Amino acid sequence: MKNQSLFRRLLARPEFGPLVLLLVEIIVFTAINPRFLSPMNISNTLTFTVELGLIALAMTLLMTAGEFDLSVGSVFGFTPVLMWTLFNAEVLPLEFAFITAIFIGAMIGLVNGLFVTLLKIPSFLVTLGMLLVVRGTALFMTSGFPQRTWGAKGNWLTEFLVGDFYIGSFRVYASLFWFVFAALVLWFILNKSKAGNWIQASGGNANAARARGVNVNKTKIWLFMLCSSMAALAGVISSIRTSAANPNSGTGYELEVIAMVVIGGTVLTGGRGTIIGTVLGVLILRIMRNGIVLVGVPGLAYSIFIGSIILGMMALHSWLERRHNSGT
Amino acid sequence: MAKELIRMKNIKKYYGKVQALNGVDLTVNESEIVGLLGDNGAGKSTLIKVLSGAIPVTSGEIYVRGKEIKMNSTTDAINAGIETIYQDSALVTELSIARNLFLGREPEIGSGLFKRMDIEKMNEVASELLREVGISKNIPPSTPIAALSGGERQAVAIARAMHFESDLIILDEPTNNLGVAETRGVLNFVRGARKSGHSCIFIAHNIHHVFQVVDRIIVMRRGSVVVDDIDPKNSTVEAVERVITGMDETV
Ligand SMILES: Nc1ncnc2c1ncn2[C@@H]1O[C@H](COP(=O)(O)OP(=O)(O)OP(=O)(O)O)[C@@H](O)[C@H]1O
Ligand SMILES: [Mg+2]
């Protein structure tokens with residue numbers, strides 16, 4: 001009896017579906033190609049994971065508050081271009097160029113937030129517009145050419161952000177720790193803090209939240225700023241790791257990030273969000289990308305799998321939801 | 001003489017060119033339950049939205065305990081001790097009972113970076129309150145509102161108003177869509193509220209419900225108060241109905 005109720009409680013959690021899917025994925029890929037679990041492959045997968053993952057974590061809070069941000073991919077491309085241009089042109093030392101890039105990222109989020117909350121324009125339209133403006137700026141600024149980044153080799157900041165080291169035969173990038181750290185902090189905020197209660201209430205029923213004196217607009221604006229700053233940080237990390245700041249990088253990331261978040265069990269319409277689910281969602285998509293190549297499926301087929309996962313997960317979530325509501 | 005809690009003076013409200021309230025005067029005393037009646041479109045909801053800061057007033061003044069208060073937002077009203085309970089919109093269905101009860105006023109423990117909601121205390125107080133408002137079934141405070149019935153939701157909203165010591169609790173059609181038992185529950189809460197010294201404005205179309213709990217009935221018609229001193233003990237449902245529809249000018 002006791003076990004059954006524990007199992008039921010587990011089943012009722014939004015993270016249950018994604019967890020099972022992740023395990024299935026790992027088992028299937030390992031069965032087909034045991035190299036999947038090699039240290040080298042794991043560390044490769046994790047490396048790519050954290051950059052999109054940082055954005056997905058912030059997006060989880062924003063989506064829980066009932067909004068989303070399509071401009072993160074372009075911010076991911078633009079802010080490192082800005083940082084390296086400032087640095088390469090010797091306008092600013094690297095540290096200040098970095099702070100400027102993150103600050104500009106936050107300002108982009110501020111503008112998104114103000115348009116959405118004060119002008120009451122849906123976030124879909126606001127951030128779509130912002131996506132084009134930011135991407136256009138990056139392309140115009142660089143005439144479409146990548147910025148070089150090797151001038152800063154060995155700088156303490158780049159080491160701090162993405163320096164790599166070995167644990168046994170695992171190659172670990174510092175950015176992995178930033179991802180874990182961000183996940184812990186945002187989990188705490190969403191589930192344990194007052195702000196988390198406001199975030200969920202803003203997305204669940206904004207009018208009720210307002211009636212209780214919760215500043216819904218301010219909450220949302222902060223989250224837009226968080227989301228853009230995270231996208232900026234992720235972009236900078238990526239540019240250092242790949243030694244290139246390409247004005248086109250990050251194209252399409254917004255959709256992949258949103259997919260990660262909803263696969264994890266966060267609701268697109270707001271009110272309910274889960275950081276644990278997002279971490280699972282991030283891993284599911286990244287492992288899928290890595291795994292299908294490893295087992296010999298052409299990489300071009302990747303989107304088919306992602307699309308199927310999204311559709312399957314949404315069907316599962318809605319089924320569980322209905323089951324739950326009908327009281328069984 | 002009962003002490004005056006709320007006085008609304010010459011309240012006017014235009015929606016664009018539509019005049020919804022044309023100079024309403026209304027008072028509510030301490031520990032008094034007032035029934036606000038009127039046909040559809042009479043202006044009842046508009047009046048209490050003005051009082052609860054949900055919509056801006058066009059002109060007029062609101063006094064709480066003799067002091068003028070500008071109700072620019074719902075926060076102003078809550079701070080002045082005025083709590084409004086709507087049928088559906090007052091709660092966040094995704095959040096638990098406890099989280100809803102304390103929304104906007106979450107107790108915290110810890111300090112600095114580790115400051116967090118005191119969820120234990122929230123659950124404890126919530127359980128207590130649920131018992132107080134008479135939710136008899138054993139519903140844990142961590143239950144999401146989505147899993148509650150309409151009456152239980154009302155009870156949660158009322159419990160919240162009582163816990164935060166609101167002086168005036170406004171209920172706009174709280175018995176709509178409720179079953180017999182749940183309606184009785186809501187009416188009991190209102191009686192309980194008066195006993196513990198709270199005042200209420202109770203809006204409902206079912207005059208029988210109003211008669212069961214209120215001390216005084218106010219009738220509105222087309223944006224004006226037509227009678228404000230009907231004592232349900234010395235009147236009948238039929239007489240009040242005639243005032244509401246305009247067949248009689250007074251009871
Ligand atoms: N947002 C609005 N915009 C324009 N007119 C409105 C608005 N809200 C209400 N009105 C008008 O104001 C008048 C009063 O409406 P109100 O909602 O206060 O009536 P009510 O007494 O609460 O009616 P009911 O018993 O049907 O709830 C009506 O004529 C209505 O059409
Ligand atoms: Mg009404």
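Chain A is the first sequence line, chain B the second, and so forth, proteins listed ahead of strands; every chain is numbered from 1. Since the structure is predicted, the reported quantities are computational estimates derived from the model, not experimental observations.
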Undergrad: When heavy-atom pairs shorter than 4.5 Å are enumerated against chain A, which of B:N79, B:I78, B:L103 gives the highest number?
TA: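 The answer is B:L103.
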Undergrad: May I ask you to check whether B:S45 and B:D172 show a side-chain donor-acceptor distance below 3.5 Å?
TA: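 Checked: B:S45/B:D172 side chains pair up, N/O donor to acceptor below 3.5 Å.
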Undergrad: Do any of residues 108-115 of chain B have a heavy atom less than 4.5 Å from a heavy atom of chain A, and if so, which, in residue order?
TA: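 Contacts with chain A: B:E108, B:L113, B:F114, B:K115.
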Undergrad: Please report whether the ring centroid of A:W178 lies less than 6.0 Å from that of A:F160.
TA: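 Distance test on ring centres: under 6.0 Å, yes.
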Undergrad: Does B:K13 count as lying over the ring of B:Y15, i.e. NZ or CZ under 6.0 Å from the six-ring centre, within 45 degrees of the axis?
TA: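 Positive - B:K13 is close enough to the ring of B:Y15 and near enough to its axis.
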Undergrad: With a 4.5 Å cut-off on side-chain heavy atoms, are A:T60 and A:T64 touching?
TA: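 Yes. Closest side-chain heavy atoms under 4.5 Å.
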Undergrad: Relative to chain A, which segment of B:L95 carries a heavy atom at a distance below 4.5 Å: side chain, backbone, both, or neither?
TA: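 Interface part for B:L95: side chain.
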Undergrad: I'd like to know whether CZ of A:F16 has more than 12 heavy-atom contacts from other residues, nucleotides or ligands below 6.0 angstrom.
TA: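 Enclosed.
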Undergrad: Kindly say whether the aromatic ring centers of B:H163 and B:F102 come within a distance under 6.0 Å.
TA: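 Yes, the ring centres sit under 6.0 Å apart.
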Undergrad: Looking at B:F164, is B:R105 sitting on its ring face, NZ or CZ under 6.0 Å from the six-membered ring centre and within 45 degrees of the normal?
TA: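 Yes.
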